[in-house]
Amino acid sequence: MAVNRRQHLVPQQMIRRFCGPDGKLVGLHKESLRIGNRRRSPRGILYMDEYYRDSCSDFDDELLKKVEQGFARYYPRIADVEKAEELDGDGGAALIDWIASMLCRTEALTVLSRVIVEKERSPLLSIPESGWKLIYNMVRSRRYEECQDLLSRPRFKWGMKLFPEGLNLVITDNPVCQTNGLQKGGQVTLVPLSKRRILIGGLEEGVERFRHYTIDELNVSLFAWANRSIYAAERATLESIKTMLDEIEDKEWYEAARKPLFGLPERIMDKVIPKGVNISEWYATMKDTFGK
């Protein structure tokens with residue numbers, strides 16, 4: 001009998017850098033805000049069986065493993081030392097490839113892809129689950145290339161923020177995320193590298209804005225863009241998120257933050273695109289703000 005293979009939505013080499021001294025983490029369920037009692041190892045969280053395999057190929061074997069292996073030699077140099085090293089050309093390219101892969105490997109992309117297809121397709125068209133897997137991997141491949149392009153543009157800047165010992169970042173089921181771009185400074189890419197270090201990318205103004213965020217503000221932002229699950233080295237970090245959520249006065253923001261992926265799937269389903277709006281042209285224009 002064939003055994004389903006466990007495939008991680010978030011790579012274990014990343015999860016390990018958010019663990020406590022015991023090598024484990026504690027989880028927070030987003031919908032219920034319930035904190036678990038059991039501490040979990042990296043191997044036992046943020047995975048699904050045969051997640052990247054379709055009827056023709058396996059996206060994990062074809063791309064993700066290669067990207068992870070290529071970045072593994074550089075990851076410690078920017079995440080595990082007090083002063084991060086400046087990466088050379090090969091290291092910088094490996095980092096960009098890794099961030100691009102993180103933006104297409106989690107459930108965020110599959111959830112949003114399904115919402116868009118379901119909204120646009122004819123109600124008479126039925127897509128079997130095997131067909132969806134093919135669609136997802138096609139979208140992942142295209143998204144990966146688009147992210148490589150975006151993250152490499154000349155006006156796309158990077159900044160690093162390191163927190164003191166004892167102030168821990170969370171890791172979620174959608175850890176590397178992009179903000180909606182509505183705030184001052186435009187869209188920002190958040191890349192938590194370890195429980196004390198985060199990489200922030202975008203236009204210079206947006207990067208600087210997020211570099212001034214406190215640990216709680218960043219953790220609430222990462223919580224908002226999570227799908228279902230949030231993990232931290234210590235229970236106190238998750239308790240701080242719950243406390244800060246209680247103090248948010250912007251009820252619209254609070255309600256969106258409590259939903260999967262900051263409520264983006266619902267907004268896509270509900271929003272009517274005005275006639276004459278070309279989404280491809282809009283996206284190309286957005287990318288050009290980061291240089292050509």
Side-chain angles (χ1 to χ4, degrees), residues 7-19 25-33 36 40 42 44-48 51-52 59-60 63-64 67-68 71 97-116 136-137 139-140 142-144 146-147 150-151 168-182 187-195 197-202 210 213 217-233 237-238 241 245 253-269:
Q7 295 183 314
H8 274 79
L9 282 70
V10 179
Q12 292 185 68
Q13 71 165 331
M14 185 182 192
I15 301 173
R16 285 195 293 270
R17 289 176 164 85
F18 291 81
C19 292
L25 309 93
V26 62
L28 168 67
H29 183 251
K30 186 173 186 177
E31 183 178 5
S32 65
L33 289 182
R40 312 291 294 274
I45 62 172
L46 301 176
Y47 73 88
M48 295 180 73
Y51 185 63
Y52 302 107
F59 192 72
D60 193 24
L63 179 77
L64 297 179
V67 170
E68 285 297 313
F71 182 56
D97 289 350
W98 180 75
I99 296 172
S101 74
M102 290 301 302
L103 288 168
C104 70
R105 69 180 292 159
T106 68
E107 287 182 285
L109 188 62
T110 60
V111 168
L112 296 177
S113 299
R114 192 151 189 160
V115 166
I116 292 169
Y136 294 154
N137 280 338
V139 173
R140 286 187 185 108
R142 180 61 177 161
R143 171 70 166 159
Y144 175 71
E146 288 283 354
C147 289
L150 174 67
L151 301 173
N168 295 331
L169 291 161
V170 298
I171 186 170
T172 78
D173 51 12
N174 185 39
V176 177
C177 52
Q178 293 175 312
T179 66
N180 55 26
L182 299 178
Q187 185 184 78
V188 170
T189 301
L190 301 176
V191 189
L193 293 170
S194 69
K195 62 185 177 184
R197 179 167 289 160
I198 187 168
L199 186 63
I200 305 162
F210 270 87
Y213 273 33
E217 288 171 331
L218 275 170
N219 278 337
V220 168
S221 294
L222 295 171
F223 167 93
W225 286 103
N227 190 26
R228 290 186 299 267
S229 303
I230 298 91
Y231 291 91
T237 302
L238 303 178
I241 290 177
L245 286 170
W253 195 97
Y254 171 83
E255 289 174 5
R258 288 293 310 278
K259 295 175 181 176
L261 306 174
F262 208 6
L264 188 55
E266 280 188 21
R267 292 198 295 276
I268 289 175
M269 186 60 73

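Keep in mind the model is a prediction, meaning the values are calculated, not measured.
When side chains are defined from C-beta on, Arg114 counts as touching Tyr136, because their heavy atoms get closer than 4.5 Å. Contact of the Pro175 side chain with the Phe18 side chain is not registered, since no non-hydrogen atoms from C-beta on lie closer than 4.5 Å. Contact of the Tyr231 side chain with the Ile15 side chain is not registered, since no non-hydrogen atoms from C-beta on lie closer than 4.5 Å. Taking the side chain as every heavy atom from C-beta outward, Gln178 and Leu150 approach each other to under 4.5 Å. Annotation: side chain of Lys30 is not in contact with side chain of Asn227 (no heavy-atom distance under 4.5 Å). Contact of the Cys147 side chain with the Ile99 side chain is not registered, since no non-hydrogen atoms from C-beta on lie closer than 4.5 Å. Contact annotation: the side chain of Leu169 never approaches that of Ile171 to less than 4.5 Å [non-hydrogen atoms, C-beta and beyond]. Contact annotation: the side chain of Thr106 never approaches that of Asp173 to less than 4.5 Å [non-hydrogen atoms, C-beta and beyond].
Shown here are the side-chain contact (heavy atoms from CB on, under 4.5 Å) partners of Tyr213, two or more places apart in sequence or in another chain: Gln183, Arg209, Phe210, Glu217, Leu218, Ser221.
Considering all non-hydrogen atoms of both residues, Lys195 and Ala233 come closest at CD-CB, 4.2 Å. Taking each heavy atom of Ser101 and Val67 in turn, the nearest pair found is OG-CG1, 3.6 Å. Nearest heavy-atom pair, Ala100 versus Leu151, reported as atom, atom and distance to 0.1 Å: N-CD1, 4.0 Å. Considering every non-hydrogen atom in both Val26 and Gly36, the closest pair reads CG2-O, 3.3 Å. Smallest separation of non-hydrogen atoms from Val170 and Pro192: O-CB, 4.4 Å. Across Leu103 and Arg143, no two heavy atoms sit closer than the pair O-NE, 3.6 Å.
Although no hydrogens or angles enter the test, the distance criterion places a donor-acceptor pair under 3.5 Å between the side chain of Arg258 and the main chain of Glu31. Without hydrogens or angle criteria, Arg17 side chain to Gln13 main chain gives a donor-acceptor distance under 3.5 Å. Panel note: side chain Arg105, backbone Leu9; a donor-acceptor pair is recorded below 3.5 Å.
Residue Arg267 holds its CZ atom at 6.5 Å from CG of Asn180, rounded to the nearest 0.5 Å. Here Asn174 contributes atom CG and Leu261 contributes atom CG; the two are 6.0 Å apart, rounded to the nearest 0.5 Å. To the nearest 0.5 Å, the span separating OG1 on Thr189 from CE on Met102 amounts to 12.5 Å. With rounding to the nearest 0.5 angstrom, the SG atom of Cys177 is 10.0 Å from the CD atom of Gln187. To the nearest 0.5 Å, the span separating CD1 on Ile230 from CG on Asn219 amounts to 10.0 Å. Here the CG-OH distance, from Asp60 to Tyr51, works out to 12.0 Å after rounding to the nearest 0.5 Å.
With hydrogens and angles left out, the side-chain atoms of Tyr144 and Arg140 include no donor and acceptor closer than 3.5 Å.
Ring geometry, Phe71 versus Trp98: the interplanar angle falls under 30°, so the pair is classed parallel (tilted spans 30 to 60°). Using the six-membered ring where Trp is involved, His8 and Tyr47 have ring planes that are tilted, between 30° and 60° apart.
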I'd like to know whether Phe223 forms a side-chain contact (heavy atoms from CB on, under 4.5 Å) with Thr172, so could you lay out the CA-CA distance, the side-chain angles of the two residues, the decisive distance to 0.1 Å, and finally the verdict. CA-CA 7 Å; Phe223 167 93; Thr172 78; 5.9 Å; no
Kindly determine whether Leu190 and Ile200 satisfy side-chain contact (heavy atoms from CB on, under 4.5 Å), including the steps that lead there. CA-CA 5 Å; Leu190 301 176; Ile200 305 162; 4.3 Å; yes
Could you please spell out the steps behind the side-chain contact (heavy atoms from CB on, under 4.5 Å) verdict for Gln7 and Leu64? CA-CA 10 Å; Gln7 295 183 314; Leu64 297 179; over 6 Å; no
